[in-house]
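A quick write-up on the structure given underneath.
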Amino acid sequence: TGEPGLVWITNEEIAQMAQFLNLSPSTFKRLYVRRIGQQYALVEKKSQNHSCVFYQNQRCQIYAARPLQC
């Protein structure tokens, strides 16, 4: 939350978040990840001040599997 910015994620974090959501890593990437150069970042909600896609109802929906940057 807060200022717009990127949440950078690794392949290991992608796998961890995908498992938490019972998704394959490829499905997770298709739904929630954007590639910027050689790196990956979580997508943001454009309609809500660019909040993280997993920030809903004033809490992180994947807190137990959140990326290290968070």
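Since the model is a prediction, treat every value here as computed from it, not as a measurement. Heavy atoms only: backbone and side chains are in, while hydrogens, waters and symmetry mates are out.
- Annotation: side chain of Pro67 is in contact with side chain of Met17 (closest heavy-atom distance under 4.5 Å).
- Side-chain atoms of Leu6 and Arg34, non-hydrogen and from C-beta on, do get closer than 4.5 Å to each other.
- Annotation: side chain of Gln61 is not in contact with side chain of Val53 (no heavy-atom distance under 4.5 Å).
- Remark: Tyr32 engages Phe28, Phe54 in a ring-ring contact (aromatic ring centres under 6.0 Å, His included) (not counting sequence neighbours).
- Hydrophobic cluster membership for Leu68: none, as no Ile, Leu, Val, Met, Phe, Trp or Tyr side chain comes under 4.5 Å of it.
- Within the 4.5 Å cutoff, side-chain heavy atoms of Ile62 are placed close to those of Cys60.
- A side-chain donor-acceptor contact under 3.5 Å links Gln38 and Arg35.
- No single ILVMFWY cluster, assembled from side-chain heavy atoms under 4.5 Å apart, contains both Phe20 and Tyr55.
- Other residues, nucleotides and ligands contribute more than 12 heavy atoms inside 6.0 Å of the CD atom of Gln69.
- Minimum interatomic distance between Glu13 and Trp8 (heavy atoms only, all atoms of both residues): OE1-O, 4.0 Å.
- Separation of atoms CD1 (Ile9) and CD (Gln16) is listed at 11.0 Å; rounding is to 0.5 Å.
- Heavy-atom minimum distance, Pro25 versus Ile14: O-CG2, 4.2 Å.
- By the rule that hydrophobic residues join a cluster once side-chain heavy atoms approach within less than 4.5 Å of another member, Leu21 and Val43 end up as members of one cluster.
- Using a 4.5 Å cut-off between side-chain heavy atoms of Ile, Leu, Val, Met, Phe, Trp and Tyr, Tyr63 forms no hydrophobic cluster with any other residue.
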